[in-house]
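Worksheet: one structure, shown below.
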Amino acid sequence: MTLIKSISGIRGTIGGRTGDTLNPLDIVKFTTAYAMFIKHSASADHKLKIVVGRDGRISGPMVRDVVCGTLVGMGCDVLDIGYASTPTTELAVRMSGADGGIIITASHNPRQWNALKLLNREGEFLTAADGQQVLDMAEKEDFQYAEVDELGHVTVDNSFDDRHVQSVLDLRLVDADLIAKKKFRVCVDAINSVGGLVLPKLLDRLGVTYKFLNQEVSGDFAHNPEPLEKNLQGIMQELKNNHYDLGIVVDPDVDRLAFIDEKGQMFGEEYTLVSVADYVLEHAEGTPVTVSNLSSTRALRDVTERHGGKYAAAAVGEVNVTTKMKEVGAVIGGEGNGGVIYPESHYGRDALVGIALFLTSLAKKGCTVSELRKTFPDYQIAKNRIDLTPETDVDAILVKVKEMFAQDPTAQVNDIDGVKIDFPERWVHLRKSNTEPIIRVYSEAATMESADEIGKKLMQVVYDMQ
């Protein structure tokens, strides 16, 4: 497995030959480059402070030690917040007045993976331009470390879970008292990572009765950690066999959120954002705007327009979504993979915020989760891929697809991220992979058959071009 380098950080598997995976040498190199970037961008004469948080992965302590040692060697003070979700680490940067942060997590990837995710002083992911600067600095390896009297120091602070929870409770649209009165009973799958630490604190403060599955923070994930239906049969069966109001599922770094209804059926990861946005829009003034990425369900657009608002689409990737949200002044946004971004809290996907807003909405509406789901437009998304040869000019293919459908009066074409073609009743989105010679094909319609049909149609168009 080759080390994956991107503007948001580096990712790879632990173990193997030097240069093939995420090893200590690469961790030192990219951490050093990041510290150099922060020094240049901060333009300050104070000693820099960098927050470091990690999820529950087996390799976490090793990666943390290398990251913290490297930052100290660069003359940076380190605020080690220990086990922490991605949104907790993001908030810790702001709350502590730090100059940046590094999150040690491979998100939904399996146990052998780990990664460094890089934050700016706002606790947000680096922009594409900033991320490229870090990659360029790492490639040059023109490093200069601190003199012995200028080395940094490490401070440990484990208070940020509680501070994160309090910040959620303080949100204007979160009604903890009302939630407590409803006496909700929930089941949570924390997938053996940091959700098992922070979510009980949130649920206790909300007055919710709960049972946890896979709560031990061992990093030895009980199942594939991506919160998809095929991986969640255990909690789905638990809800079918016992009485609960709701099932809650997070990924290892707690930025993705999926719900399961009281009958043990998936609420739909795409509908996490839709349901929370619906509640936020009910209380928004003027002409509210929402944002999601191009591969997310059309239901968000429909719900937004139902409330008299406007919808805007962004390129795939959290930083692209947050950039668009700031540009249009969105009241809420996110991604269809269960990522809720609520600006009144912070510009980052946050499962804790999503849970609190969802439970408040459910309490106010006085309905079951399955009844709530029926109030939203019902769409199905099909996901396919086109495998290509390494020498294929993928960009040229996408240009041809765009030109072909630009002449179709029934189609709206968007090329800010690959090519998305919106038809009146369905859409299809073609995106090239940055790491392998494939085109990912996402399509949505009222039925899975119709979604798959339009996706396969576009796949055949590409095949015919080769």
Side-chain angles (χ1 to χ4, degrees), residues 4-8 11 108 128 226 228 256 268-271 273-274 290-302 311-324 333-339 377 379-466:
I4 299 171
K5 307 171 188 177
S6 72
I7 57 171
S8 59
R11 173 166 49 102
H108 62 273
E226 188 164 15
L228 304 177
R256 287 176 64 172
E269 201 180 17
E270 289 282 338
Y271 284 83
L273 173 59
V274 174
T290 64
V291 173
S292 64
N293 68 42
L294 287 172
S295 290
S296 297
T297 179
R298 183 180 281 185
L300 180 61
R301 183 202 69 179
D302 295 352
Y311 167 79
V316 174
E318 182 172 330
V319 68
N320 296 318
V321 174
T322 56
T323 299
K324 175 60 85 172
E335 299 182 290
N337 59 7
Y379 293 110
Q380 302 294 322
I381 291 183
K383 298 180 180 181
N384 293 287
R385 57 185 277 173
I386 303 170
D387 291 286
L388 305 166
T389 59
E391 59 272 11
T392 302
D393 189 341
V394 180
D395 291 325
I397 289 176
L398 294 178
V399 168
K400 289 180 182 178
V401 171
K402 173 189 170 185
E403 292 172 346
M404 178 182 298
F405 285 92
Q407 310 305 316
D408 186 340
T410 68
Q412 290 184 328
V413 179
N414 187 320
D415 65 350
I416 64 171
D417 184 6
V419 178
K420 182 176 183 180
I421 306 159
D422 265 297
F423 300 100
E425 303 299 328
R426 52 189 183 174
W427 58 260
V428 61
H429 184 201
L430 282 68
R431 295 183 69 238
K432 74 171 184 177
S433 168
N434 293 323
T435 57
E436 50 188 332
I438 64 173
I439 295 176
R440 302 192 188 279
V441 182
Y442 303 91
S443 50
E444 183 179 60
T447 67
M448 184 59 75
E449 291 76 18
S450 179
D452 203 46
E453 177 192 3
I454 189 65
K456 296 286 177 58
K457 178 181 177 181
L458 266 292
M459 291 171 70
Q460 190 58 52
V461 167
V462 172
Y463 289 135
D464 291 343
M465 287 180 178
Q466 298 184 76

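Keep in mind that the numbers below use all heavy atoms, side chains included, and drop hydrogens, waters and symmetry copies.
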[atom1] of [X] to [atom2] of [Y]: how many Å apart, nearest 0.5 Å?
X	Y	atom1	atom2	value
Asp452	Ser443	CG	OG	6.5 Å
His108	Leu228	NE2	CG	8.0 Å
Asp464	Lys400	CG	NZ	11.5 Å
Glu269	Ile381	CD	CD1	10.0 Å
Ile397	Lys402	CD1	NZ	16.0 Å
Asn384	Lys456	CG	NZ	5.0 Å

Q) For Ile421 and Val401, what are the C-alpha separation, side-chain angles and deciding distance, and is it a side chain to side chain contact (heavy atoms under 4.5 Å, CB included)? A) CA-CA 9 Å; Ile421 306 159; Val401 171; 4.0 Å; yes
Q. Who are the side chain to side chain donor-acceptor pair (under 3.5 Å) partners of Glu226, not counting sequence neighbours?
A. Arg256
Q: With sequence neighbours left out, write down each residue that passes side chain to side chain donor-acceptor pair (under 3.5 Å) with Thr447, or none if nothing qualifies.
A: none
Residue pair [X] / [Y], side-chain heavy-atom distance below 4.5 Å:
X	Y	result
Val428	Lys420	no
Ile439	Arg385	no
Ile386	Tyr463	yes
Asn414	Asp422	no
Leu388	Ile438	no
His429	Val441	no

Q. Parallel under 30°, tilted from 30 to 60°, perpendicular over 60°: which one fits the rings of Phe405 and Phe423?
A.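 Answer is perpendicular, since the angle exceeds 60°.
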Q: Would you sort out whether Leu430 and Arg440 count as a side chain to side chain contact (heavy atoms under 4.5 Å, CB included), showing the intermediate values?
A: CA-CA 6 Å; Leu430 282 68; Arg440 302 192 188 279; over 6 Å; no
For a quick test of reading the model, state the closest non-hydrogen atom pair linking [X] to [Y] and the distance between them.
X	Y	answer
Ser450	Ala445	OG-CB, 3.4 Å
Ala446	Gln380	O-CG, 4.0 Å
Ser295	Glu270	O-OE2, 4.0 Å
Pro377	Tyr271	O-OH, 2.6 Å
Thr410	Pro424	O-CD, 3.3 Å
Val413	Ala406	CG2-N, 4.1 Å

Q: Let me know which of Val316, Val394, Leu294 forms a side-chain contact (heavy atoms from CB on, under 4.5 Å) with Arg431.
A: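 In the set Val316, Val394, Leu294, the residue that makes a side-chain contact (heavy atoms from CB on, under 4.5 Å) with Arg431 is Val316.
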Could you tell me if [Y] and [X] have a donor-acceptor pair between their side chains, going purely by distance under 3.5 Å?
X	Y	result
Asn320	Thr323	no
Ser292	Glu335	no
Asn293	Asp417	no

**Q.** Whether over 12 other heavy atoms sit under 6.0 Å from Gln460 CD
**A.**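 Above 12, so yes.
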Q: Taking only Lys NZ, Arg NE, NH1 and NH2, and the carboxylate oxygens of Asp or Glu, determine whether Arg298 and Asp302 approach each other closer than 4.0 Å.
A: no
